[in-house]
2 protein chains.
Amino acid sequence: MTTDTMTIREMCDAFEVTPRTLRFYEAKELLSPIREGQKRLFTKRDRARLKLILRGKRFGFSLEEIRQLLDLYHMDDTQVTQLSRTYDLARKHLAEMEAQRAELDQAIAELKAQMEWGAEQIARRQKQAAG
Amino acid sequence: MTTDTMTIREMCDAFEVTPRTLRFYEAKELLSPIREGQKRLFTKRDRARLKLILRGKRFGFSLEEIRQLLDLYHMDDTQVTQLSRTYDLARKHLAEMEAQRAELDQAIAELKAQMEWGAEQIARRQKQAAG
DNA sequence: AGCATAGATGACGTTTACGTAAATGGAACG
DNA sequence: CGTTCCATTTACGTAAACGTCATCTATGCT
């Protein structure tokens, strides 16, 4: 019978965000913590969503894009009626992410090549200095 | 003896950005087109950098971060004196990108799992409707 | 010479994603 | 009971990344 909910401060500590950020996300309907009187209590669902929100941000998605995609990850019974539409959106999102991975792979390869070039230059200069 | 430079409009068409964007990037010292009288002429170097800028944006980097990283990709002789510092920065950048790739892989895997769950639900409902 | 077209240069506006400050409300503690 | 500590609400502020005029200039037709 653990609480299973977290206060705003616990959330902030756990995810390294500010209270303002969490309230802002709630205002934008990305999160929907329950209330105990005045105070917000963040559920497991909120935590799962926040994790996805922060991940999405690191991938360069806007909050609005993220909002539209969040439902993909928690498709529950209430959503099953529109499931095929959601599924379609998910396919597009997946394609985007795989494209991004391909681009990221290329970027990594290019950077590595540049670094090898740089390493050669360093080696050349050291040899020169020693010669 | 091809021109090897592009006008602002050619750049805009090629990269799908607006003139404002290119001027903004110049003001932020991300690009440095040469001048023919008044007019800007974008060189091959500018095009290479713009490509990296847009890529960086898709990965969620800010323009300021991108500015600091751009030199990694065009390390020329003038930079060789500070090459080891640059090299160090490049290593960090590479580590970040590889971390991001790992996260992206996980995100893709999770989304795929969700989609399979969704597909099962659809199948179940179809069976139910037919039964 | 007249005019269209392209680009340049300010300057102000806008959106996103929060930061920050002020006023308020409970709960807890000595 | 006063104070301290959280948290809430409201509201204004801000940095980043451009958009959107308005105005000016240069260039090329005709």
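What you see below is based on every heavy atom in this structure, not just the backbone, and it leaves out hydrogens, waters and symmetry mates. Here is the naming used below: chain letters follow the sequence lines, and residue numbers restart at 1 for every chain.
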S.K.: Would you kindly give the CG-to-P distance between A:Leu31 and D:dT8, to the nearest whole Å?
M.R.: 13 Å
S.K.: Give the rounded distance in Å between these two atoms: CD of A:Glu10 and C1' of D:dA7.
M.R.: 13 Å
S.K.: At 4.0 Å (heavy atoms only), tell me whether A:Arg40 reaches a base, stays on the sugar-phosphate, or touches nothing.
M.R.: sugar-phosphate
S.K.: Report yes if a side-chain nitrogen or oxygen of B:Lys57 is closer than 4.0 Å to either non-bridging phosphate oxygen (OP1 or OP2) of D:dA16; otherwise report no.
M.R.: no
S.K.: Nearest to the B:Arg9 side chain among C:dG7, D:dT8, D:dG19, which nucleotide is it?
M.R.: C:dG7
S.K.: Looking only at side-chain N and O atoms, does A:Glu110 offer a donor or acceptor that is under 3.5 Å from a partner on A:Gln114?
M.R.: no
S.K.: Without decimals, in angstroms, what is the distance between B:Glu36 CD and C:dA6 P?
M.R.: 17 Å
S.K.: Nearest to the A:Ile8 side chain among C:dT9, D:dT8, C:dA17, which nucleotide is it?
M.R.: D:dT8
S.K.: Pick the closest DNA chain D nucleotide for A:Pro19 and for B:Glu64 by heavy atoms, then say which residue is nearer the 5' end.
M.R.: A:Pro19
S.K.: Can you find a side chain N or O atom of A:Arg35 that sits less than 4.0 Å from OP1 or OP2 on D:dT9?
M.R.: yes
S.K.: Determine whether B:Ile108 and B:Lys112 satisfy the following criterion, side-chain contact (heavy atoms from CB on, under 4.5 Å), listing intermediate values before the conclusion.
M.R.: CA-CA 6 Å; B:Ile108 287 173; B:Lys112 276 186 177 170; 4.2 Å; yes
S.K.: So if I take every side-chain heavy atom of B:Arg20 and compare against C:dA17, C:dG7, C:dA11, which nucleotide ends up nearest?
M.R.: C:dA11
S.K.: Look at the side-chain N and O atoms of A:Thr18 and state whether any lies under 4.0 Å from the OP1 or OP2 oxygen of C:dG19.
M.R.: yes
S.K.: Could you measure the distance from the NZ atom of B:Lys51 to the CD1 atom of B:Ile53? Nearest 0.5 Å is fine.
M.R.: 13.0 Å
S.K.: Determine whether a donor-acceptor pair (N or O, by modelled atom type, separation under 3.5 Å) exists between the side chain of A:Gln68 and the backbone of A:Glu65.
M.R.: no
S.K.: What's the spacing between A:Ile8 CD1 and A:Asp13 CG if we round to 0.5 Å?
M.R.: 11.0 Å
S.K.: To 10°, what angle do the rotation axes through the five end pairs on each side of the helix from C:dA1-D:dT30 to C:dG30-D:dC1 form?
M.R.: 10°
S.K.: When you match A:Gln38 and A:Phe24 each to their closest nucleotide on DNA chain C, which lands nearer the 5' end?
M.R.: A:Phe24
S.K.: To the nearest angstrom, how far is B:Leu41 atom CG from C:dA6 atom C1'?
M.R.: 13 Å
S.K.: Rounded to the nearest 0.5 Å, what's the gap from CZ on B:Arg49 to OH on B:Tyr25? Could you check?
M.R.: 13.0 Å
S.K.: Just the rounded figure in Å: distance from C1' of C:dA17 to CZ of A:Arg58.
M.R.: 16 Å
S.K.: Looking at the side chain of A:Lys39, which of D:dT8, D:dA17, C:dA17 is the nearest nucleotide?
M.R.: D:dT8
S.K.: Under 3.5 Å, sequence neighbours excluded: what are the donor-acceptor pairs made by side chains of residues 89-98 of chain A?
M.R.:
none

S.K.: So, taking the atom named OG in A:Ser32 and the one named CZ in A:Phe42, what distance separates them when rounded to the nearest 0.5 Å?
M.R.: 9.5 Å
S.K.: State whether A:Tyr25 places a side-chain N or O below 4.0 Å from either non-bridging phosphate oxygen (OP1 or OP2) of C:dC18.
M.R.: yes
S.K.: Whole-Å distance between D:dA17 C1' and B:Ile66 CD1?
M.R.: 11 Å
S.K.: Does B:Thr21 have a side-chain nitrogen or oxygen under 4.0 Å from the phosphate oxygens OP1 or OP2 of D:dG19?
M.R.: yes
S.K.: How many Å lie between CG on A:Leu54 and P on C:dA17, as a whole number?
M.R.: 13 Å
S.K.: Nearest whole angstrom, please: distance from the P of D:dT10 to the CZ of A:Arg23.
M.R.: 12 Å
